[in-house]
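What you see is a predicted model, and the numbers here were worked out from it, not measured in a lab.
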Amino acid sequence: MAHAQEHTSHTKLIWKVFGILSLVTIVEVVLGIIKPDSLHLTKILGTSPLNIIFLVLTLVKAYYITWFFMHMADEKKSLRRAVVWTAVFLIIYLATLLLIEGSYINDVLGPLTKWNY
């Protein structure tokens with residue numbers, strides 16, 4: 001006789017994650033529209049704090065989507081770590097390379113180009 005599997009509803013969890021993802025997205029959109037000068041025109045680690053905030057919020061959203069909607073919370077610990085850590089490392093690596101190369105291109109082409117702000 002097969003064991004009866006207990007089915008639990010995750011409706012509350014889905015709405016909670018939906019609320020968190022919505023809140024993070026709203027913060028990103030508001031910051032993108034307002035673009036405060038204190039976050040946009042200063043530089044930290046070679047980029048503006050606004051860019052760093054966007055990168056962190058994007059990583060938070062990617063984590064929640066992977067963890068809950070791709071059901072990583074139910075997997076073995078080693079698989080969860082392999083997937084999540086690899087994705088986080090690759091995203092950080094890509095963002096770092098893009099910021100370094102973008103800064104280099106701006107430094108090289110900046111004097112040759114008239115930027116219209």
ask   = Are more than 12 heavy atoms from other residues, nucleotides or ligands located less than 6.0 Å from atom CZ of F69?
value = yes

Is there a side-chain contact between [X] and [Y] (heavy atoms, below 4.5 Å)?
X   : Y   : result
H40 : N51 : no
K16 : K12 : no
T11 : I14 : no

Shortest non-hydrogen contact between [X] and [Y], atoms and distance:
X   : Y   : value
M72 : R80 : O-CD, 2.7 Å
P49 : I44 : CG-CD1, 3.7 Å
M70 : T66 : CB-O, 3.2 Å

Separation between [atom1] of [X] and [atom2] of [Y], rounded to the nearest 0.5 Å:
X    : Y   : atom1 : atom2 : answer
D74  : W67 : CG    : CH2   : 9.5 Å
I53  : T58 : CD1   : OG1   : 11.5 Å
L31  : L57 : CG    : CG    : 7.5 Å
S103 : K43 : OG    : NZ    : 5.5 Å

Distance-only check: which donor-acceptor pairs under 3.5 Å involve side-chain atoms of residues 85-96, not counting sequence neighbours?
unit_1, atom_1, unit_2, atom_2, d
T86, OG1, A82, O, 2.5
T96, OG1, I92, O, 2.8

ask   = What is the ring orientation for Y64 with F68, classed by angle as parallel under 30°, tilted 30 to 60°, or perpendicular over 60°?
value = parallel

Given the rule that I, L, V, M, F, W and Y join up when any side-chain heavy atoms are under 4.5 Å apart, are [X] and [Y] in one cluster?
X   : Y    : value
L41 : I52  : no
L55 : L98  : no
L99 : L109 : no
L59 : I20  : yes
I34 : I26  : yes

ask   = Donor-acceptor pair, T25 side chain versus L21 backbone, under 3.5 Å?
value = yes

